[in-house]
Every structure is written in C-alpha cells, then in structure tokens.
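Start at 1 with the first residue, then count along the sequence. FYI, side chains are in, hydrogens and waters are out, and symmetry mates aren't considered; it's all heavy atoms of this structure.
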Amino acid sequence: MDVEHADPDLAALETNLLLDANYPQGIGKKFRWVMQQIRLAVRKNQLYQIGSLRLKKLERPGNDERMWLNDKYRLEMVFSGEPPDEKVTILRISNHYDD
C-alpha cells in the first residue's frame, strides 16, 4: 500500500527514532509501529483484521478514518484507490479528548 504524509513532521517522526515531535512519551514509538503495519498491508481490509489498531471510519463529512495510538491519541488518515493500487494519506495525530 502506498503511503503519503500530509504533514512533513509526521514523515520525520516515522523515520527519526529520536524525534518525539512534541507528543507525549511513547506516541512516537507507537506511531512508527502502526506505520509498519500500514506499510505491510496490501489492502485496507488487512488493517481491519488487526484488532489492536481499532481502525474505524470517523463520523464526520469526508472519508477520514482513524486508528488508536493509545487511550488518548488517534492517527487520522484517508484511504483512496482500489486494490491493488490503494493509497493512504496520513493526516494527523489527534488528541481524542481535545485537552
């Protein structure tokens, strides 16, 4: 699956093990693990099968979906295309509780 980052800071967070991008401890490590799972997937359906990711469509306009990073933070993304040319654009890491 092709992956794009809407935010260059997220691309840097994925590749730089020392970077935390001002997120709480552990978010960078979990983000990199989730990105590995996304890159290994051939189809979006495979990501739904990994229960710990909790992939879910967001209840707002658009095609945004989210995965859990931890109890508080979510990774938001948009999938496009059809297999085998599916693509995911990573939009942001969001605070689920907005605090």
Atom [atom1] in [X], atom [atom2] in [Y]: separation rounded to 0.5 Å?
| X | Y | atom1 | atom2 | result |
| --- | --- | --- | --- | --- |
| E14 | D9 | CD | CG | 13.0 Å |
| D71 | H96 | CG | NE2 | 10.0 Å |
| S94 | D64 | OG | CG | 9.5 Å |
| L69 | R74 | CG | CZ | 8.5 Å |

Practice prompt. May I ask you to list the residues sharing a hydrophobic cluster with L91, side-chain cutoff 4.5 Å, ordered by chain and number?
Written response: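 Grouped by the 4.5 Å side-chain rule, V78 form the rest of the cluster around L91.
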
Are [Y] and [X] connected in a single hydrophobic cluster, I mean Ile/Leu/Val/Met/Phe/Trp/Tyr linked by side-chain heavy atoms less than 4.5 Å apart?
| X | Y | result |
| --- | --- | --- |
| L53 | W68 | no |
| L55 | V3 | yes |
| Y48 | I90 | yes |

Worksheet item: Closest heavy-atom contact between N70 and K72?
Response: OD1-N, 2.8 Å

Worksheet item: Can you name the nearest heavy-atom pair linking V34 to L75, along with the distance?
Response: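 Result for this residue pair: CG1-CD2, 3.8 Å.
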
Worksheet item: Taking F79 as the fixed residue, which of K87, R43, M1 is the one that meets the side-chain contact (heavy atoms from CB on, under 4.5 Å) rule?
Response: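 Among the candidates, only M1 passes.
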
Okay, side chain of [X], backbone of [Y]: is any donor-acceptor separation there less than 3.5 Å?
| X | Y | result |
| --- | --- | --- |
| R92 | L10 | no |
| E4 | V88 | no |
| R54 | I50 | no |
| E86 | E82 | no |

Practice prompt. Taking side-chain contact (heavy atoms from CB on, under 4.5 Å) as the test, write out the residues that go with K57, two or more places apart.
Written response: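 Here the qualifying residues are N63, E65.
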
Item to complete: Determine whether M77 and K44 make a side-chain contact, defined as any pair of heavy atoms from C-beta on separated by less than 4.5 Å.
Response: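 With C-beta onward as the side chain, the pair stays apart.
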
Name the atoms and distances for all side-chain donor-acceptor pairs under 3.5 Å in residues 26-33, with sequence neighbours left out.
from, atom 1, to, atom 2, distance (Å)
R32, NH1, L13, O, 2.8
R32, NH1, N16, O, 3.3

